[in-house]
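Notes follow the structure.
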2 protein chains.
Amino acid sequence: MRQLCMPQGLSASELSQLETLICSARCLERGQTLYRTGDRFDNIYAVRSGSLKTVMLHRAGREQVTGLRLAGEALGLDGISTGTYACSAVALEDSTVCIVPYRALRSLCRESGPMQDRMHKLLAAHIVSEAAQMMVLGSLSAEERVAAFLLDVSQRNAQRGYSVSEFNLRMTREEMGSYLGMTLETVSRALSKFQKSGLIDTQGKLVHIVDLARLQQI
Amino acid sequence: MRQLCMPQGLSASELSQLETLICSARCLERGQTLYRTGDRFDNIYAVRSGSLKTVMLHRAGREQVTGLRLAGEALGLDGISTGTYACSAVALEDSTVCIVPYRALRSLCRESGPMQDRMHKLLAAHIVSEAAQMMVLGSLSAEERVAAFLLDVSQRNAQRGYSVSEFNLRMTREEMGSYLGMTLETVSRALSKFQKSGLIDTQGKLVHIVDLARLQQI
DNA sequence: CGGTCTGTTGAGGCATATCAACGTCCGTGG
DNA sequence: CCACGGACGTTGATATGCCTCAACAGACCG
């Protein structure tokens, strides 16, 4: 758990402090909602196992996927700003999350400088990665977006010690399309094309990146 | 300045503490760069007057506008995460910014709970507004994006006591297009159409929102 | 007054959406 | 165990919204 939940830059003693915060974990079944847009914000979560998507609702009920959270990543930070969550979080597979009460975390940040630092960096890292996603949506073609998405997931897996080249992607084509601003058919076509070109090898949800270098050039 | 630079939720004494941080202001001419991607991160800035854009570079030199910062808004938060700025900030008109040294701000956050709160909320608010922009880019049509952009700027102006219905928009059509993921021609066409429909009235950079309600329905 | 930057508008083409058909996988109940 | 149904994925044909290219007008500035 230590390397999973908000790891970097904390000393052992601070880690153990952090562990005292984590009252409990919560298990989620595939499809279950952890929190909804508008729910009162009390907790931040860290994905312990599995993966979740965050979604925002547009008027007319259309929903857009705004994020994918893999094991080890934080969830719910958007609630800090207004005291209610801005998006909803739904499990893409059976998953568990660590529950981190925000009030307690806030106190800990006041007591410990490194802890405060870590918190600032965590928040700022989200700002940066969302800006990167804005770039993807704003200036890349459909195929470029799919490639960028695969590379992003690959790299995030690698950061946590999993394989760079092979991972399970539990999103449906439709969810990927929503996240990438395109239709599910276009996602499917892009993946098929990559497969034919020998860049990747997919079997259902399992993605194997065959030629990382060429995928990066797209 | 008090109501401009990071105002909400601080007591008078905390405000004066904050003011001791602000070593100085900096004046920028139109087109001048405040900081660049990769520059070492030392300061956060608050726009005192004028406006700036933030841009990120894509490989092949293409640049994408990732944000617009109006008077009173914060700038440079993305640098916290890695210690170097992730984007560049360029003045859209002659502007001044307050310089807030981050190290000092961080200390102040440790000493003062409300200050820390404010900082967390500021960071989280950026996360939320970027997520909203991701939704705009991912699921709206060209005209819807332009309408959403005008409404966003209008509302942000209103928050600071300026007029909801009339404001100066210093971005070029090209910059708006880059921010909204479309070409300058499409931006121009959308604005022309809004004008013909009596939704807005533009004269160069000056935008007058005539029919807010109908603009919101787009 | 000429040059450059910005904005507008039109015509045509292309990338992606839409619509449709079909295949595959998987859980469920007979 | 097999048959069935529904969710998901793939692929093709067609439609369309936006991009591209182009021409021109106005604003700004030296």
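So you know, we letter chains A, B, ... as the sequences are listed, proteins then strands, and number each from 1.
For the pair R103(A)/R106(A), a side-chain contact is recorded, criterion being any heavy-atom separation below 4.5 Å from C-beta on.
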**OP:** Any chance you could lay out the side-chain hydrogen bond (donor to acceptor under 3.5 Å, both in side chains) test for E144(B) and S141(B), step after step, and finish with the verdict?
**Re:** CA-CA 5 Å; E144(B) 289 172 330; S141(B) 71; 3.3 Å; yes
Subject >> Test log, rule ring pair (Phe, Tyr, Trp, His ring centres under 6.0 Å), inputs F149(B) and Y179(B) >> reply: CA-CA 9 Å; F149(B) 177 61; Y179(B) 181 56; 5.5 Å; yes
**OP:** Take V164(B) and Q155(B) through the test side chain to side chain contact (heavy atoms under 4.5 Å, CB included) and record every step on the way to the result.
**Re:** CA-CA 6 Å; V164(B) 217; Q155(B) 191 212 321; 5.9 Å; no
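Of the candidates dT20(D), dT6(C), dC19(C), dC19(C) carries the atom nearest the E185(A) side chain, counting heavy atoms from C-beta on. Among the nucleotides dT6(C), dG9(D), dT9(C), the one closest to the side chain of T172(A) is dG9(D). For R173(A), the listed nucleotide lying nearest its side chain is dG9(D); candidates were dG9(D), dA17(C), dT8(C).
Straight-line distance from the CG atom of L206(A) to the P atom of dC8(D): 19 Å, rounded to whole Å. Rounded to whole Å, the distance from CD on E29(B) to P on dC29(D) is 13 Å. What separates CE of M182(B) from C1' of dA15(C) is a distance of 17 Å, to the nearest Å. Look at NZ on K196(A): it is 14 Å from C1' on dG9(D), rounded to the nearest Å. Between E175(B) atom CD and dC5(C) atom C1' there is a gap of 12 Å when expressed in whole angstrom units. Atom pair E144(B):CD and dC18(D):C1' shows a separation of 14 Å (rounding to whole Å applied). Following rounding to the nearest Å, L191(A) (CG) and dT10(D) (C1') show an atom-to-atom distance of 11 Å. Across the protein-nucleic acid pair, K193(A) atom NZ and dT16(C) atom C1' stand 13 Å apart, rounded to whole Å.
Using a 4.0 Å cut-off, no side-chain N or O of S188(B) falls inside it from OP1 or OP2 of dT9(C). Between T183(A) and the phosphate of dA17(C), there is a side-chain N or O to OP1/OP2 separation shorter than 4.0 Å. OP1 or OP2 of dT11(D) sits under 4.0 Å from a side-chain N or O of S192(A).
Ring pair H120(A)/H120(B) is perpendicular by interplanar angle, where above 60° counts as perpendicular and below 30° as parallel.
The nearest heavy atom of DNA chain C to R189(B) and to T186(A) marks one nucleotide each, and the one closer to the 5' end goes with R189(B). When each of L140(A) and K205(B) is assigned the nucleotide of DNA chain C with its nearest heavy atom, K205(B) is the one assigned upstream, toward the 5' end.
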